[in-house]
Amino acid sequence: MIIKKILLIGLLAVGLSGCASSHFIEKKPDSLAVFLHLPEASRVRFASSMDQFVLHEATQDSSGTWSVTVPPSSGFTYFYIVDGSVYLPACRFRETDDFGSENCLYLP
């Protein structure tokens, strides 16, 4: 019951933030494409629990959207490093890590 309430509060917060469209994950047959629309950034790297948070360089398209492709997964936590600083986008689910910070949580 408590978990349902937490998830509901999280969903409401994301819905009210208006920023949900700046970040999304697209499931493909043999991979996941992760996108972050942040045109003002000069460097974006993606880190996830799938590989112990190894940094993966993202590429930017002409619209300012950064992307990285990762293997398919049943779920993982993640964050970005944008211009040298940790960046957590508006994401549907979050999880507190062992250091007291939050990470986004991908649940397919």
Side-chain angles (χ1 to χ4, degrees):
M1 184 66 157
I2 292 175
I3 293 174
K4 287 182 182 180
K5 286 181 182 180
I6 291 170
L7 289 175
L8 180 59
I9 291 169
L11 289 172
L12 288 173
V14 169
L16 296 174
S17 72
C19 299
S21 64
S22 67
H23 167 74
F24 63 96
I25 297 176
E26 183 179 290
K27 190 173 182 180
K28 299 188 177 208
D30 59 347
S31 64
L32 295 173
V34 183
F35 298 93
L36 176 66
H37 184 73
L38 204 58
E40 63 274 14
S42 59
R43 184 179 189 193
V44 173
R45 294 178 289 167
F46 174 81
S48 79
S49 61
M50 287 186 292
D51 58 6
Q52 289 72 45
F53 299 96
V54 170
L55 296 176
H56 299 273
E57 292 290 333
T59 56
Q60 186 180 35
D61 68 15
S62 60
S63 73
T65 300
W66 296 84
S67 64
V68 64
T69 301
V70 297
S73 177
S74 60
F76 55 89
T77 59
Y78 64 96
F79 61 90
Y80 295 92
I81 301 292
V82 175
D83 297 333
S85 298
V86 173
Y87 179 81
L88 199 62
C91 45
R92 182 175 288 179
F93 303 107
R94 291 183 180 210
E95 177 179 84
T96 303
D97 65 18
D98 294 338
F99 305 102
S101 297
E102 288 187 322
N103 293 315
C104 289
L105 178 60
Y106 171 72
L107 299 171

Study note, to complete from the structure: OG of Ser101 to CD of Glu95, rounded to nearest 0.5 Å, is 12.5 Å
Check your understanding: Do you reckon Leu38 sits in the same ILVMFWY cluster as Leu88, going by side-chain contacts under 4.5 Å, direct or chained?
Key -> no
Revision key, fill the gap. Note: Pro72 and Ser31 closest approach over all heavy atoms is CD-CA, 3.8 Å
Check your understanding: Can you tell if the side chain of Asp83 reaches within under 4.5 Å of the side chain of Glu40, non-hydrogen atoms only?
Key -> no
**Study point:** Given Tyr87, Tyr80, Trp66, the one that forms side chain to side chain contact (heavy atoms under 4.5 Å, CB included) with His23
**Key:** Tyr80
Practice item. May I ask you to test the Pro39-Ser63 pair for a side-chain heavy-atom distance under 4.5 Å? Key: no
Check your understanding: Honestly curious: do Ile81 and Val70 fall in one hydrophobic cluster under the side-chain, below-4.5 Å linking rule?
Key -> no
Review point. Do Thr65 and His37 have side-chain N/O donor and acceptor atoms under 3.5 Å apart?
Key: yes
Review point. Quick one: CG on Asp97 to CG on Asn103, what's the gap to the nearest 0.5 Å?
Key: 5.0 Å
Review point. Do you know the tightest heavy-atom contact between Pro108 and Ser74?
Key: CD-O, 3.1 Å
Review point. Is there a donor-acceptor pair closer than 3.5 Å between any side-chain N or O of Ser49 and the backbone N or O of Thr77?
Key: yes
Review point. Under the criterion ring-ring contact (aromatic ring centres under 6.0 Å, His included), which of Tyr106, Phe93, Phe46 is the partner of Tyr78?
Key: Phe46
Review point. Nearest heavy-atom pair of Pro71 and Met50: which atoms, and what distance?
Key: O-SD, 3.7 Å
Exercise for review: Would you give the length of the straight line joining atom NE2 of His56 to atom OG of Ser48, rounded to the nearest 0.5 angstrom?
Suggested key: 5.5 Å
Exercise for review: Please round to the nearest 0.5 Å and tell me the distance separating atom CG of Leu105 and atom SG of Cys91.
Suggested key: 8.5 Å
Exercise for review: Look at the aromatic rings of Phe79 and Phe53 and report parallel, tilted or perpendicular, splitting at 30° and 60°.
Suggested key: parallel
**Study point:** Aromatic plane relationship, Phe24 with Phe35 - under 30° parallel, 30 to 60° tilted, over 60° perpendicular
**Key:** parallel
Practice item. Walk me through it: do Ser67 and Thr59 pass the test side-chain contact (heavy atoms from CB on, under 4.5 Å)? Key: CA-CA 5 Å; Ser67 64; Thr59 56; 3.7 Å; yes
